[in-house]
Amino acid sequence: MKKMVLISSVVKELSEMSKIEETSVATYARALREAGLLSQKGRGRGAAHATPLDAARLLIALMVGGKVKDSPQAVRDFGKMRCTEHLHNKEMNWKDTSLQFLCGVPNEHIYEEAIAAIIEGFGVREFQEKLKAETEKTKSPYLPVIMALIQDTKLQGQVIIGNYRYSYQVTEFIDVKHNSINDLENYDEDVAERWLAILERYSSGINREAEVGTPQFINIGQVLAGVREPGERETNEEWADLPKQSLRKADKI
């Protein structure tokens, strides 16, 4: 029987992983819960059990950062970005590391679905077996690179998993984004106003990018699956040789 994990455990793991105070991560979780974006059910023994989507949304909130009160809108903006392109690099050694093959996620999906599927995968035997089989084919001691990125000032995201790269955008704004503000009168007034509102919400004069890598997905996935305790780093020795990465916020001019 699968161990049921509370959202508080995910909060603790994300705090350990990101080096953000647990109380601060908890305030993000509270804001998302009050906005109806996290599972809700009682307290104590009756508290809601965390789902992969809960973990994905809280992770997205931390990647975007900013004021806690704005985090529900950030999760809606970035979590609902649609996959607009998926590229398969046939020159890489991996045969098939697509989200569809590994997780059953169709090519047409949204950003939070991809993040949730990868998190869930590290607690699912079939996913891990497929990933290990692909690794053995390349004769590499390492798993394929798995990375999720968000560029908040551009309202864009990417997911890289082995020889596949997925790009995400808010599709209704694609045409608007490739034109100057002076050209917005050529677009539907409502669309233009919403795009300008998003520009104001996330523009800060610098191109900010946040990323999460393979080790973080393993840690969150295993905590969610109940096979490791939050903050524990030695439970699964088979992943011990993975390069260490940390959730970071990097500002690039």
Side-chain angles (χ1 to χ4, degrees), residues 52-53 55-57 59-64 73-122 127 130-131 134-135 138 143-181 183-184 186-188 191-192 194-199 201-203 206-214 216-217 221 245 247-250 252:
L53 187 57
R57 286 175 172 173
L59 181 59
I60 290 170
L62 295 181
M63 291 174 75
V64 178
Q73 188 60 55
V75 169
R76 293 187 186 101
D77 288 340
F78 290 91
K80 303 301 181 186
M81 293 187 298
R82 293 202 167 275
C83 180
T84 55
E85 183 178 50
H86 57 280
L87 299 176
H88 178 200
N89 187 345
K90 296 180 179 179
E91 295 182 2
M92 297 182 72
N93 292 332
W94 316 105
K95 181 180 179 182
D96 191 350
T97 56
S98 67
L99 287 170
Q100 189 162 22
F101 173 68
L102 293 174
C103 311
V105 176
N107 290 330
E108 293 185 5
H109 63 273
I110 59 178
Y111 189 74
E112 65 180 26
E113 290 174 339
I115 304 303
I118 295 171
I119 289 173
E120 183 176 26
F122 281 106
F127 171 91
K130 287 180 178 179
L131 206 55
E134 288 298 313
T135 303
T138 66
L143 295 177
V145 170
I146 300 176
M147 185 176 294
L149 302 96
I150 279 179
Q151 293 175 296
D152 57 5
T153 51
K154 295 183 178 180
L155 202 64
Q156 294 179 349
Q158 285 190 358
V159 168
I160 300 168
I161 180 165
N163 57 348
Y164 278 80
R165 180 187 295 267
Y166 299 83
S167 299
Y168 301 83
Q169 298 186 61
V170 179
T171 53
E172 66 175 317
F173 296 136
I174 288 178
D175 289 337
V176 180
K177 289 166 64 175
H178 290 89
N179 289 276
S180 69
I181 298 299
D183 293 332
L184 290 181
N186 297 323
Y187 297 95
D188 178 89
V191 172
R194 277 183 286 139
W195 174 240
L196 286 172
I198 285 181
L199 280 181
R201 190 179 303 140
Y202 298 109
S203 292
I206 52 179
N207 178 21
R208 294 184 299 181
E209 184 176 281
E211 68 178 42
V212 176
T214 309
Q216 288 76 55
F217 281 121
Q245 295 176 319
L247 181 142
R248 65 183 179 84
K249 192 80 173 184
K252 298 181 179 180

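Note that this is a predicted model, so its numbers are computed, not measured.
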Looking only at heavy atoms, what is the nearest atom pair of Ala116 and Ala56, with distance? N-CB, 3.7 Å
Distance check, rounded to the nearest 0.5 Å: Ile115 atom CD1 versus Met63 atom CE? 6.5 Å
NZ of Lys130 to OG1 of Thr97, rounded to nearest 0.5 Å, is 12.0 Å
Mind checking the CD1-CG spacing from Ile150 to Leu155? Nearest 0.5 Å is all I need. 9.0 Å
Looking only at heavy atoms, which two atoms of Leu149 and Met147 are closest? And how far apart? CD1-CG, 3.8 Å
Are Leu131 and Pro144 side-chain neighbours, meaning at least one heavy-atom pair lies under 4.5 Å? yes
Using the ring of each side chain (for Trp, its six-membered ring), is Phe122 parallel, tilted or perpendicular to Phe127, with breaks at 30° and 60°? perpendicular
One pair to check against side-chain contact (heavy atoms from CB on, under 4.5 Å): Ile118 and Leu99. What are the steps and the verdict? CA-CA 8 Å; Ile118 295 171; Leu99 287 170; 3.9 Å; yes
With rounding to the nearest 0.5 Å, note down the distance linking CG in Leu87 to CD1 in Ile160. 10.5 Å
Mind listing the closest non-hydrogen atom pair of Gln100 and Tyr166 along with its distance? N-OH, 4.4 Å
Is it true that a side-chain atom of Thr214 and a backbone atom of Ile146 form a donor plus acceptor pair closer than 3.5 Å? yes
Does Ile110 offer a backbone N or O that forms a donor-acceptor pair with the side chain of Lys80 under 3.5 Å? no
Can you tell me if Arg165 and Gln158 form a side-chain donor-acceptor pair at under 3.5 Å? yes
Write down the atom of Phe217, the atom of Ala148, and the distance for their closest heavy-atom approach. CZ-CB, 3.8 Å
Mark yes or no for whether Gln216, through its side chain, and Gly213, through its backbone, hold a donor-acceptor pair below 3.5 Å. yes
Are any non-hydrogen side-chain atoms of Gln151 and Gln156 less than 4.5 angstrom apart? yes
Rounded to the nearest 0.5 Å, what separates atom CZ in Phe78 from atom CZ in Arg57? 15.5 Å
Between OH on residue Tyr168 and OH on residue Tyr111, distance to nearest 0.5 Å: 7.5 Å
Nearest heavy atoms of Ile60 and Gly79, plus distance in Å: CD1-CA, 4.0 Å
With a 4.5 Å heavy-atom cut-off, do Val64 and Val75 have their side chains touching? no
Are any side-chain N or O atoms of Ser167 and backbone N or O atoms of Thr84, one a donor and one an acceptor, separated by less than 3.5 Å? no
For residues Pro52 and Glu120, report the shortest heavy-atom separation together with the two atoms involved. CG-CB, 3.6 Å
